[in-house]
Amino acid sequence: MVVVPLLLLGGLWSAVGASSLAVVTCGSVVKLLNTRHNVRLHSHDVRYGSGSGQQSVTGVTSVDDSNSYWRIRGKTASVCERGTPIKCGQPIRLTHVNTGRNLHSHHFTSPLSGNQEVSAFGEEGEGDYLDDWTVLCNGPYWVRDGEVRFKHSSTEVLLSVTGEQYGRPISGQKEVHGMAQPSQNNYWKAMEGIFMKPSELLKAEVHHAEL
């Protein structure tokens, strides 16, 4: 269960499984599992020692680490109302709950694999347009039990893990980076979290789209 940051939202939240609709919605806070390497997208206040020097993003095997929670938001300079289902092809931001920085990429080289660096950037949820990622999936909406890819909206790399592992001070954590080519290394699935329920109007829209 998530500790302090989520409790502030009180009754606005719905626990996993409480909604009859299995869509992922704006305002939800989730852990994202890379299904090929079985690691969850993770960040922490540890900066890269090379490249951008920004906050590092890794993959961890632990299920219980609170540093693996990300809040789903609208793209930069936009608002996505809580409970709005995420459409396939929609750009979003993923904000790290514990540090308030956004999942980010840019033309720096990742430290282990030589792919494109992925970092966490900004302050209190605000960064820049390089924080935007497009959700790639099948069907009209991102669904909880479906695998998705995240394509960086500006550089078009795919959020990936290929198995490279860090040493100290983050021993055992896997490198997360951007790759140009689609592969099994790019698939992610929403796992543990707290999901905003769709509004009644949005439920009707989703139901109509599924017919």
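Quantities reported herein were computed from a predicted structural model and do not represent experimental measurements.
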Looking only at atom types and distance, does a side-chain atom of [X] sit under 3.5 Å from a main-chain N or O of [Y], one as donor and one as acceptor?
X    : Y   : answer
T84  : C26 : no
Y141 : A22 : no
N98  : Y69 : no

Distance-only polar pair, side chains of [X] and [Y], donor-acceptor under 3.5 Å:
X   : Y    : value
T76 : D132 : yes
Q55 : S119 : no
H44 : T99  : no
T95 : N102 : yes

Partner set under salt bridge (Lys or Arg N to Asp or Glu O under 4.0 Å) for [X], not counting sequence neighbours:
X    : result
D65  : none
E124 : none
E164 : none
R73  : E126

Test side chain to side chain donor-acceptor pair (under 3.5 Å) on E175 and S113; report intermediate values, then the result.
CA-CA 8 Å; E175 181 183 85; S113 67; 2.5 Å; yes

* Asked: Are R36 and Y187 in a cation-pi contact, defined as NZ or CZ under 6.0 Å from the six-membered ring centre and within 45° of the axis?
  ->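 No cation-pi geometry.
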
Quick one: closest heavy-atom pair of [X] and [Y], and the distance?
X   : Y    : result
S68 : V60  : OG-CG2, 3.6 Å
T25 : P198 : CG2-CG, 4.0 Å
S62 : D64  : OG-N, 3.2 Å

CE of M191 to CZ of R40, rounded to nearest 0.5 Å, is 5.0 Å

The ring-ring contact (aromatic ring centres under 6.0 Å, His included) partners of H104 (sequence neighbours excluded) come to H106, F121

Going by chain and number, the hydrophobic cluster around V79 (ILVMFWY, side chain to side chain under 4.5 Å) further includes none

### Task
Could you give me the CA-CA distance, side-chain angles and deciding distance for E117 and S105, then say whether side chain to side chain donor-acceptor pair (under 3.5 Å) is met?
CA-CA 6 Å; E117 184 188 277; S105 193; over 6 Å; no

